[in-house]
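This report concerns only the one structure given below.
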Amino acid sequence: MRYLITSALPYINGIKHLGNLVGSMLPADVYARFLRQEREEVLYICATDEHGTPAEIAALEEGLDVAEFCQRQYERQADIYQQFGLSFDHFGRTSAPENHELTQHFFQQLEANGFIQERDISQIYSLDDQRFLPDRYITGTCPHCGYEKARGDQCENCTKVLSPTDLLNPRSTISGSTNLEVRTSKHIYLLLDKLSDEIRQWVEAQTHWPQLTQSIAMKWLNEGLQSRGISRDLSWGVPIPKEGFENKVFYVWFDAPIGYIAATKAWGEAEPGRDWESWWKNAEEVRYTQFMAKDNLPFHTIMWPATILGSREPWKMADYIKGFNWLNYYGGKFSTSSKRGVFLDQALDIAPADCWRYVLMANAPESSDSAFTWEQFQKPVNKELADNLGNFINRILKFTASRLGNTLPEGGTPGDLEAELQTTCDQLVKKLRDHLHKMEFRRATETLNALWTAGNQYIDVRAPWALFKTDKDEAAVVIRTCINLIRLYAIASAPFIPHAAETLYDALKLTDEERHHTMTEAANLTILAAGRPFEVPAPLFQKLDDDRLAELMAQFGGE
RNA sequence: UGCAGUGUAGCCUAACGGCAAGGCACUCGGCUCAUAACCGAGAAGAUGCGGGUGCAACUCCCGCCACUGCAACCA
């Protein structure tokens, strides 16, 4: 079995926020890191999603050519994800040549198989902006309620669904220009309705999917699939290889998921000996898992499968789709466009990546929307990372170094209490692995915590600071056991907090081989023997004090 | 308006139709190795509202209320 993992492609128009991270890239990374540690063959692929109107407009606002804009944004995003420890095997771009080529290929297959239709549609054209405007980029007065800032797709005041031509005094949201006209333009449509039965069959066969994923897919199918336009009057995108479509490109949602395959191809071509196609074509022995927030589910359960099914080619479809709900910021949405919430570059200025990784996974919106608040960020960082884990490491290593020096002490043999601890650890590691295999991230972090607590309970019962005065051999047993626990903690926690794990590997001077142990192997509490050297690292996690918390709340407007 | 999801204590979460559980916060005690941390004990406190089915309902069904999302040219 090989594991193919993709996370929803982050859009190019700016630095992503915590909500984007927690719903796709971060859980996918934890899962990928865990499986690699278990010595499974893993390919974790992601890319920036670069096409579409918002990218063109964002570029315009910054006064940059859109290709240049995307290049800069791509580099910024890639850098930030690297700082967060996201371990993509390849982080590609949908603007890459591989994606152009594959997208055109899929289109030609769909067309040859009769799933494409040409239609003339009327659209609003802005003479001053020199572009067609998507419905939501037109603002005007709602004919129903008189709200002056109604959008062309819907009036957010009275919630009535609108068409741009309904609006009174329509104007371009981009420039404010009222110099608009209706123009007819030729477009291609993907006939989803013709593929509906096949999609339904596929969806219904996925009985093991999370309930959220299944119900969103069924919602679309039950409402009846309609054909969907997959071309746009833009210049930035994948050109349409068809006569009469020279000035149009594919709709961003048509080419974005193809980007998963294209990024894999780019990975394959980067080094000799990589067989990218074996991951995607006739890949029955590959288990493919997709991670995404719920807004992406319709595209991954309906549109993207339609593209693959309609191609009549043996491309890999998702075996499992892990959908996430929203992480809300004080009751509302995180929003890139309205700059609401905490963005990834700011996050890294506030706390190390591992704190964010851990807290976000501990509060992952798995079964329902969950809330981000600064109090809920502070609590796990202080109580779980700093106190429970960090302090355990610090207390045992400092104690040992100051009393006995920087090597594991000799003497004694493990007894009943050590055997009991061993059993507890074995059970918890088994449970942790089970949760991670099932992608139950909240439960996995709870189990990690239980594992850390077990160490504190053990050291409290054994009290090596007292034994040290009465029975040095017994104290040595306890210390060796605790230092082996630290090694177990480092390895078991590594998928969540990889940077802290590295620090611990270094502190314990683990060999390359020892760093690559599975958590099951690391659960042996006698591996690091007497005489092994270690160093005392600085406290692993700094706490966030209440003053700092108040500062953050003031700065970010949390209330 | 339609569709989907959600609603459990001060807060966050858990419970195949079978004694509503855990964490945080709170109180008391222990320890003194450690980042005012750690360990133990304790108290209080909850299934949005109204019906229905069942021996038994947080769980299934109907209605209502509240919040969130989507409603196909934003992604």
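Only this structure's heavy atoms are used, side chains among them; waters, hydrogens and symmetry mates stay out. A, B, ... follow the sequence lines: proteins, then strands. Residue 1 opens every chain.
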Q. Taking the six-membered ring of A:Tyr251, is NZ or CZ of A:Arg232 closer than 6.0 Å to its centre and within 45° of its axis?
A. yes

**Q.** Distance, C1' atom - from B:C26 to B:A56, rounded to whole angstrom
**A.** 35 Å

Q) Is any side-chain nitrogen or oxygen of A:Arg228 closer than 4.0 Å to OP1 or OP2 of B:C73? A) yes

(Q) Could you check, using the six-membered ring where one of them is a Trp, whether A:Tyr260 and A:His300 have ring centers closer than 6.0 angstrom? (A) yes

Q.
If I pick the C1' atom on B:C3 and the same atom on B:C12, what distance separates them, to the nearest angstrom?
A. 30 Å

(Q) Among B:U13, B:C74, B:C12, which nucleotide has an atom closest to any side-chain atom of A:Pro134? (A) B:C74

Q: Using whole Å, report how far CD of A:Glu50 lies from P of B:C74.
A: 20 Å

(Q) Expressed as a whole number of angstroms, how long is the span from A:Trp452:CH2 to B:C39:P? (A) 13 Å

Q | Phosphate OP1/OP2 of B:A15 contacted by A:Arg443 side-chain N/O (<4.0 Å) | A | yes

Q: Indicate syn or anti for B:G54, taking the glycosidic torsion and treating anything within 90° of 0 as syn.
A: syn

Q. Given B:C38, is OP1 or OP2 found less than 4.0 Å from the side-chain N or O atoms of A:Lys383?
A. yes

Q | OP1 or OP2 of B:A36 under 4.0 Å from side-chain N/O of A:Lys543 | A | no

Q. Aromatic rings A:Phe291 and A:Phe441: how do their planes relate, parallel, tilted or perpendicular, breaks at 30° and 60°?
A. tilted

Q: May I ask you to decide if the ring planes of A:Trp253 and A:Phe299 are parallel, tilted or perpendicular, using 30° and 60° as cut-offs?
A: parallel

**Q.** Under 5.5 Å and under 30°: A:Trp465 stacked on B:C33
**A.** yes

(Q) So, under a plain 3.5 Å distance rule, would you say the side chain of A:Lys219 forms a donor-acceptor pair with the base of B:C70? (A) yes

Q: Using the C1' atom on both, measure B:C65 against B:G10 and round to a whole Å.
A: 23 Å

Q) How long is the line joining CD of A:Glu440 and P of B:U13, in whole Å? A) 16 Å

Q. Should the pair A:Arg443-A:Glu366 be classified as a salt bridge under the 4.0 Å nitrogen-to-oxygen rule?
A. no

Q. Are A:Asn394 and B:U35 close enough that a side-chain N or O sits under 4.0 Å from OP1 or OP2?
A. yes

Q: May I ask you to decide whether A:Asp120 forms a salt bridge with A:Lys186, counting only side-chain N to carboxylate O separations under 4.0 Å?
A: no

Q. So, is A:Arg395 close to the B:C38 phosphate, meaning a side-chain N or O under 4.0 Å from OP1 or OP2?
A. no

Q.
On the side chain of A:Gln376, is there an atom forming a donor-acceptor pair with the base of B:C12 - under 3.5 Å, no angle test?
A. no

Q) When you compare B:A21 with B:A46, how far apart are their P atoms, in angstrom units rounded to a whole number? A) 12 Å

Q.
Just to be sure I understand the rule, does A:Gly455 reach a base, reach only the sugar-phosphate, or reach nothing, if contact means heavy atoms closer than 4.0 Å?
A. nothing

Q | Whole-Å gap separating P (B:C73) and CG (A:Leu234) | A | 14 Å

**Q.** Distance between C1' atoms of B:G52 and B:U59 (Å, rounded)
**A.** 15 Å

Q: Determine the interatomic distance between P on B:U6 and the same-named atom on B:G17; round to the nearest Å.
A: 14 Å

**Q.** Nearest-angstrom distance from the residue atom CH2 of A:Trp253 to P of B:C74
**A.** 13 Å

Q) So what does A:Asn391 hit on the nucleic acid, given a heavy-atom distance under 4.0 Å: a base, only sugar-phosphate, or nothing? A) base

Q: Among the candidates B:A72, B:G5, B:C39, find the nucleotide nearest to the side-chain atoms of A:Gln226.
A: B:A72

**Q.** Pairwise C1' distance for B:G40 and B:U32, with rounding to whole Å
**A.** 16 Å

Q. Expressed in whole Å, how much space separates the C1' atoms belonging to B:A25 and B:A9?
A. 12 Å

